[in-house]
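Position 1 is the first residue of the sequence, and the numbers go up from there. Read the numbers this way: they start at 1 and go in the same order the structure lists the ligands and their atoms. Only a predicted model underlies this, so the values are computations on that prediction, with no experimental measurement involved.
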Amino acid sequence: MQDQSDQTRALWVDGVSVFTPARTFDSVNPATGEVNWQVAFATAEHVAAAVASAKRAVNDPAWRKMLPHVRAGILMRIADAMTARADEFARLQMLENGKVWSECRAQALSAASTFRFYASACETLGSEVTPSRGNYLSMTAYEPYGVVAAITPWNSPLTMEAQKVAPALAAGNAVILKPSEVTPSGALLLAQVAFEAGLPKGLLNVVTGDGRETGTALVEHPDVRMVSFTGGTATGRSIAGIAAQRLIPVALELGGKSPHIIFEDANIDAAINGVVDGIFEGSGQSCVAGSRLFVQRSIYDKAVGLLVERARALRVGLPDVAGSQLGPLAGFAHRDRVERFVSIAREEGGQILAGGRRPPEAALQAGAFFEPTVIGGLSNSATAVQQEIFGPVLCVLPFGDEDDLIAQANDSAFGLASGIWTANYQRAWRVARALETGLVWINTYKQLSIATPFGGFKDSGIGREKGVNGVRLYQQSKGIYWSMDEKNFPSDGALA
Ligand code: TXE
């Protein structure tokens with residue numbers, strides 16, 4: 001690495017780490033407000049160099065003609081190296097986004113297993129022979145786009161970066177990864193690990209910088225042939241606008257305001273556990289957070305009472321202290337935003353049933369902490385109920401019957417996830433089919449598997465990541481017709 005010390009992080013272009021002493025930005029620990037280190041800022045020139053490197057690498061026969069099992073071997077070695085260095089990955093994420101240690105470590109291991117999953121997919125996914133209507137063979141082959149841009153957010157960077165980079169490489173592309181400016185370091189370590197595992201240079205470039213300059217330069221670059229983005233809806237819309245002009249495909253995994261539903265016949269203790277985890281894990285900074293809770297009116301007071309008790313008992317603390325259940329929010333500006341939503345909720349008539357403030361403990365004053373918050377008394381049209389807060393804030397609302405519930409739950413711009421708690425399996429099925437969300441959990445919440453497609457309806461995005469077909473997101477199909485009878489064209493002899 002050039003000019004790099006423990007206090008700095010360089011970006012990766014063409015297999016080389018590049019530090020930009022004249023232009024850096026701070027990586028800040030949200031638990032303490034201290035600067036972790038300086039990170040090199042990738043300008044449009046760095047982006048162009050990264051894309052040129054990726055283009056060379058993806059067209060190199062060494063990669064283009066590499067047999068799938070050999071490519072799978074590289075992905076498998078990346079998975080092994082990530083597993084071996086899971087603590088290092090977890091620590092970087094914890095220092096940059098403040099999630100508690102156990103969650104960071106689980107996410108590091110999950111990211112490694114994503115590489116393992118796509119190594120298997122790379123070896124086992126086939127092309128298809130399709131039904132023909134004559135004496136010819138017709139086939140569908142799948143080919144990479146070429147240079148793919150992967151733009152990731154700060155809430156779960158390790159898992160989301162793996163979720164994009166592993167299938168895109170398995171599909172035969174080269175990837176330019178632009179991590180969030182809040183959490184750049186896991187991506188930089190991933191590139192290092194990947195090269196050490198034998199990934200040829202140029203197949204993974206990491207450009208660290210902001211969205212406005214670095215991100216835009218990447219999406220606008222004429223040699224970027226596909227963009228995979230996870231982040232806010234407004235940013236997704238602007239990226240999709242550029243992609244539309246350029247006629248390149250985009251995959252967008254955006255925000256959510258997921259309805260979490262408890263029917264009167266549910267196992268209430270299990271439901272409350274699911275609701276607490278579903279909103280407060282990761283301090284609510286999850287696209288699938290169950291942030292709108294609908295409780296059937298007959299059990300509303302009981303359920304909300306239990307919930308408030310649980311929310312008040314959660315331990316907010318420094319992320320590296322054993323027993324902390326909620327760390328800080330990922331940044332100070334983000335906490336200000338969460339606080340503004342809580343103020344708006346008060347102004348609109350909401351009652352703060354738990355939390356609603358910064359924790360008073362002296363040890364937490366320097367960090368971006370916020371208490372787990374439960375708000376009642378709002379209607380489904382209130383600002384805090386309709387907009388994504390992306391913090392530890394749960395709005396609770398009563399419902400009457402199933403029709404009332406479905407109308408309220410679907411009255412949202414978003415459609416990422418939902419959860420249903422009921423003992424009635426027919427109702428579970430009916431409601432699951434009626435909810436306008438890309439994911440439905442029944443008597444569980446936030447259960448995720450790399451094998452299951454993931455993505456949203458409505459403003460929550462376009463496309464499905466994960467699953468075996470996650471590889472197809474990064475490929476274009478090609479139909480091939482191969483005559484078995486040279487005399488059969490044109491088939492009806494019209495022009496013969
Ligand atoms: O996200 P951005 P922000 C939601 C959540 C949050 C809000 C804003 O509600 O409060 O979005 O968060 C890059 N061209 N989610 O501002 O801006 C940026 O550098 C290209 C939901 O942090 O969307 C970063 O790498 N790239 C979500 C990434 O986009 C651009 C997770 C995400 O940042 C760009 C995060 C541009 N014009 C936030 N502008 C989820 N779905 O899980 C920014 N970026």
Problem - Test item, G461 contacting ligand 1 (heavy atom, 4.0 angstrom) - result: no
Practice task
Could you tell me which atoms of ligand 1, counted from 1 in the order shown, lie closer than 4.0 angstrom to a heavy atom of G215?
Solution key: 14 (N), 20 (C), 26 (N)
Practice task
Considering the heavy atoms of S180, write down every atom of ligand 1 situated less than 4.0 Å from one of them.
Solution key: 24 (C), 25 (O)
Handout entry: Sub-4.0 Å protein heavy atom next to atom 35 (C) of ligand 1
Key = yes
Exercise for the section: With atom 43 (C) of ligand 1 as the reference point, say which of T214, T235, I239, L252 has the nearest heavy atom. Expected result: T235
Completion exercise
Hits for salt bridge (charged side-chain N to carboxylate O under 4.0 Å, His left out) against E220, two or more places apart or cross-chain, chain-then-number order -> none
Exercise for the section: Using the six-membered ring of F41, assess whether NZ or CZ of R23 lies under 6.0 Å from its centre and within 45 degrees of the ring axis. Expected result: yes
Exercise for the section: Return the residue, atom name and 0.1 Å-rounded distance of the protein heavy atom closest to atom 30 (C) of ligand 1. Expected result: G211 CA, 3.4 Å
Practice task
Please check if a non-hydrogen protein atom sits closer than 4.0 Å to atom 22 (O) of ligand 1.
Solution key: yes
Problem - S185 and W37: side chain donor to acceptor below 3.5 Å - result: yes
Handout entry: atom 11 (O) of ligand 1 - nearest protein heavy atom and its distance
Key = G232 CA, 3.1 Å
Problem - S286 N/O under 3.5 Å from ligand 1 N/O - result: no
Practice task
Answer yes if a protein heavy atom lies under 4.0 Å from atom 14 (N) of ligand 1, otherwise answer no.
Solution key: yes
Handout entry: Electrostatic pair R105-D87, nearest N-O below 4.0 angstrom
Key = yes
Exercise for the section: Flag K178 as yes when one of its N or O atoms lies below 3.5 Å from any N or O atom of ligand 1, and as no otherwise. Expected result: yes
Practice task
Taking atom types as modelled, find out whether Q93 and T183 have a side-chain donor-acceptor pair closer than 3.5 angstrom.
Solution key: no
Completion exercise
If we number the atoms of ligand 1 from 1 as shown, the ones under 4.0 Å from a heavy atom of P153 are 31 (C), 35 (C)
Problem - Top protein contact for atom 3 (P) of ligand 1, by heavy-atom distance - result: W154 NE1, 3.8 Å
Practice task
Give the atoms of ligand 1, by number and element, whose distance to some non-hydrogen atom of C287 is under 4.0 Å.
Solution key: 40 (C), 41 (N), 42 (O)
Exercise for the section: Go through the steps for N36 and E96 under the test side chain to side chain donor-acceptor pair (under 3.5 Å), then give the verdict. Expected result: CA-CA 8 Å; N36 293 315; E96 291 189 330; 4.8 Å; no
Handout entry: Protein heavy-atom partner closest to atom 29 (O) of ligand 1 - residue, atom, separation in Å
Key = F229 CE1, 3.2 Å
Handout entry: Nitrogen or oxygen atoms of L254 and ligand 1 under 3.5 Å apart
Key = yes
Exercise for the section: Identify which of E220, E388, R337 has a heavy atom lying nearest to atom 10 (O) of ligand 1. Expected result: R337
Problem - Any side-chain donor near an acceptor of the partner, Q38 and T8, under 3.5 Å - result: no
Practice task
State whether K458 and E436 are salt-bridged, where the test is any N-O pair (Lys NZ or Arg NE/NH1/NH2 against Asp/Glu carboxylate O) under 4.0 Å.
Solution key: yes
Problem - Geometric cation-pi criterion, K466 with F454: 6.0 Å, 45° - result: yes
Practice task
Heavy-atom contacts with I151 under 4.0 Å: which atoms of ligand 1 show up? List them by number with element.
Solution key: 13 (C), 20 (C), 25 (O), 26 (N), 28 (C), 29 (O)
Problem - Donor + acceptor pair across side chains of R9, S17 (<3.5 Å) - result: no
Completion exercise
Those residues at least two apart in sequence (or on a different chain) that pass ring pair (Phe, Tyr, Trp, His ring centres under 6.0 Å) with F89 are none
Exercise for the section: Please say whether E181 places an N or O atom under 3.5 Å from an N or O atom belonging to ligand 1. Expected result: yes
Practice task
Go through T114 and Q163 one step at a time and tell me if the side chain to side chain donor-acceptor pair (under 3.5 Å) criterion holds.
Solution key: CA-CA 6 Å; T114 294; Q163 203 169 298; over 6 Å; no
Handout entry: Region of T216 engaging ligand 1 - heavy atom pairs below 4.0 Å
Key = both
Practice task
Heavy-atom contacts with E253 under 4.0 Å: which atoms of ligand 1 show up? List them by number with element.
Solution key: 41 (N)
Fill in the blank from the handout: Atoms of ligand 1 under 4.0 Å from any heavy atom of P179, numbered from 1 in the order shown, are 25 (O)
Practice task
Check whether the ring centres of W441 and H260 lie less than 6.0 Å apart, and answer yes or no.
Solution key: no
Handout entry: Distance-only polar pair, side chains of E45 and T43, donor-acceptor under 3.5 Å
Key = yes
Fill in the blank from the handout: Per-atom filter on ligand 1: closer than 4.0 angstrom to a heavy atom of T152 are 24 (C), 25 (O), 28 (C)
